[in-house]
Trainee: 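If you scroll down you'll find the structure; I have some questions about it.
Residue numbering restarts at 1 for every chain, and letters A, B, ... go by the order of the sequence lines.
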2 protein chains.
Amino acid sequence: MITRERQNRIVRALRSDGAASVRQLAADLAVSESTIRRDLEVLDRNGELTRTYGGAVVHRPGTTVEEHGLGVAEGRFADDVDVDLKRRVAAAAAARIADGQVVVLDIGTTTPLVARELRGRDVTVVTTNLAVLHELENDESVRLILLGGVLRRNYRSLVGSMAVQGLAEVSADVVMLSCTGVRPNGHVVDNMAVEAPIKRAMIAASQQIVLLATERKFPGTGALRLCSVADVDAVVTTEGAPAATLDIARQAGGEVVVA
Amino acid sequence: MITRERQNRIVRALRSDGAASVRQLAADLAVSESTIRRDLEVLDRNGELTRTYGGAVVHRPGTTVEEHGLGVAEGRFADDVDVDLKRRVAAAAAARIADGQVVVLDIGTTTPLVARELRGRDVTVVTTNLAVLHELENDESVRLILLGGVLRRNYRSLVGSMAVQGLAEVSADVVMLSCTGVRPNGHVVDNMAVEAPIKRAMIAASQQIVLLATERKFPGTGALRLCSVADVDAVVTTEGAPAATLDIARQAGGEVVVA
DNA sequence: GACGATACGAGCAAACTCGTGCAAAGCCAA
DNA sequence: TTGGCTTTGCACGAGTTTGCTCGTATCGTC
């Protein structure tokens with residue numbers, strides 16, 4: 001059997017029961033326990049479940065690699081490559097943040113990975129992203145400001161005018177912006193109507209804009225224009241991103257970081 | 001059996017009964033008492049329950065870091081009597097809420113109990129209380145609005161001007177107000193400077209005020225005046241509350257509910 | 001305050017689970 | 001087919017969990 005399909009079956013089995021043992025899974029899928037252990041290790045690293053001694057449990061809904069954020073938006077399960085790309089982008093982005101700075105972390109699945117990198121750092125994080133809250137809730141060193149809003153459970157975020165209003169009170173050093181697509185003409189776009197105004201307010205509240213976009217976001221999808229890559233101070237991306245689009249940013253004086 | 005799953009079963013068993021003995025749990029889960037003791041120790045340390053001699057009781061809901069909130073204010077450990085009083089107050093308060101209403105839930109340890117009672121109900125909840133968020137995060141039927149603010153980890157709440165600003169956008173049917181004390185002269189007081197303005201804004205945003213105060217809050221402590229019991233539409237309390245203070249509310253046309 | 005009963009935690013041996021290294025099997029392209 | 005690569009199952013040393021025993025601490029009762 002193909003690895004990916006087996007892993008999907010494991011996730012489904014866990015979803016239905018909430019937990020499963022290595023032995024049980026090995027019996028159900030007719031493979032050895034070693035194989036199950038290897039699969040569980042991968043799935044754990046991708047945040048799709050939480051490994052326990054002797055088995056695994058479903059990850060607390062939507063904490064890291066939300067099947068919603070990724071599954072809904074892109075029509076498939078997060079796969080190793082994508083999560084890995086995001087993790088590299090997140091690490092590179094976090095490295096740009098200096099101690100004492102105020103950072104706005106956007107909605108999305110990449111920003112919680114940035115948040116994780118910021119653990120233990122002396123920074124202030126502003127967000128509407130509950131996954132970010134979850135990452136930093138117990139970290140005393142990070143000052144965390146949660147913008148208000150209506151809870152959108154599927155995306156683990158807060159939206160609405162309250163978030164925009166709250167941003168009016170914020171002055172940040174940098175915003176880590178995520179999006180659903182970057183067009184060949186340099187337009188940074190999103191496909192969520194409720195998020196777009198918040199993203200625009202985040203941009204307005206921040207001195208510097210850092211765009212987080214793995215190669216998969218070129219060109220991506222989405223009709224709502226947030227800004228242009230020419231407006232951003234830095235694009236953090238991966239090797240596969242098209243040079244032509246990145247050049248638009250470079251020519252406008254923006255930095256391009258390939259993680 | 002998987003450790004984690006067993007611990008979840010223990011917590012569930014406790015939630016349904018409120019308390020359980022080591023012997024009973026060992027029999028139910030078909031493991032030795034030693035194992036149960038070890039599990040209880042872990043769960044106690046995580047704040048998910050409170051160990052007692054011979055068994056355990058549910059920790060005051062809101063879990064984990066919650067003991068700071070009350071531990072700091074009222075002494076080290078969860079107090080069975082107090083939790084029980086709060087639970088009764090919370091149930092009586094929740095019973096007052098009609099379907100479709102908008103409810104503001106204050107900071108504190110009683111309001112998460114109200115939130116739990118509201119699970120599955122068709123209501124809108126407005127709060128700065130992360131313990132309330134935690135209770136309702138996965139309940140699709142409740143519409144949840146989180147006010148913004150700076151995370152105050154010890155008290156699992158959001159404070160600051162952003163919360164007050166956010167409340168300006170809110171029009172609620174009722175606020176479930178908590179406090180640290182109700183003076184014999186009827187003054188409802190609190191001892192947290194950062195919370196008082198938010199509580200006042202909550203009152204302003206709501207048509208009706210319901211004060212949640214177990215008998216322990218009479219007279220309680222605190223120097224910051226929030227309002228008078230004469231201003232509230234209902235006081236939900238317990239048997240031991242002084243009649244004289246409650247009469248102030250009654251004479252002003254307020255309802256008094258003894259849970 | 002003393003006593004018997006019960007509960008507690010530490011220590012220990014046995015059972016179980018883990019991850020890794022390795023060889024065989026499976027797959028793909030040339 | 002061959003050759004290179006990935007995946008799988010097994011063996012094994014290391015680490016974790018479990019149930020038992022035993023000395024100590026706590027509870028309820030006298």
Trainee: Which residues pass the salt bridge (Lys or Arg N to Asp or Glu O under 4.0 Å) test with R183(B), sequence neighbours left out?
Mentor: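 Salt bridge (Lys or Arg N to Asp or Glu O under 4.0 Å) check on R183(B) returns nothing, list empty.
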Trainee: Please determine if R51(A) and E41(A) form a salt bridge, counting it only when a charged side-chain N lies under 4.0 Å from a carboxylate O.
Mentor: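 A salt bridge is absent here (no side-chain N lies under 4.0 Å from a carboxylate O).
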Trainee: Over how many whole Å does the gap from E5(A) atom CD to dT8(D) atom C1' extend?
Mentor: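 To the nearest whole Å, that distance equals 16 Å.
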Trainee: Any non-hydrogen side-chain atom of H134(B) less than 4.5 Å from a side-chain atom of E137(A)?
Mentor: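 They are not in side-chain contact.
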Trainee: In whole angstrom, what separates L25(B)'s CG from dT18(D)'s C1'?
Mentor: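 Result: 17 Å.
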Trainee: May I ask you to say whether R37(A) pairs ionically with E33(A), meaning some side-chain N is under 4.0 Å from a carboxylate O?
Mentor: yes
Trainee: Rounded to whole Å, how long is the line connecting atom CD of Q7(A) with atom C1' of dT6(D)?
Mentor: 14 Å
Trainee: Rounded to the nearest 0.5 Å, how far apart are CD of E215(B) and OG1 of T238(B)?
Mentor: 3.5 Å
Trainee: So R116(B) and R87(B), do their side chains get closer than 4.5 Å, heavy atoms only?
Mentor: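 In short, these two side chains do not touch, never coming nearer than 4.5 Å.
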Trainee: Figure out the CZ/P separation between R6(A) and dT7(D), and round it to whole Å.
Mentor: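 Rounded to the whole Å, the gap is 9 Å.
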Trainee: Nucleotide by nucleotide, 5' to 3', does protein get under 4.0 Å of the base (B), only the sugar-phosphate (S), or neither (-) in nucleotides 5-12 of chain C, counting heavy atoms?
Mentor: -BBSS---
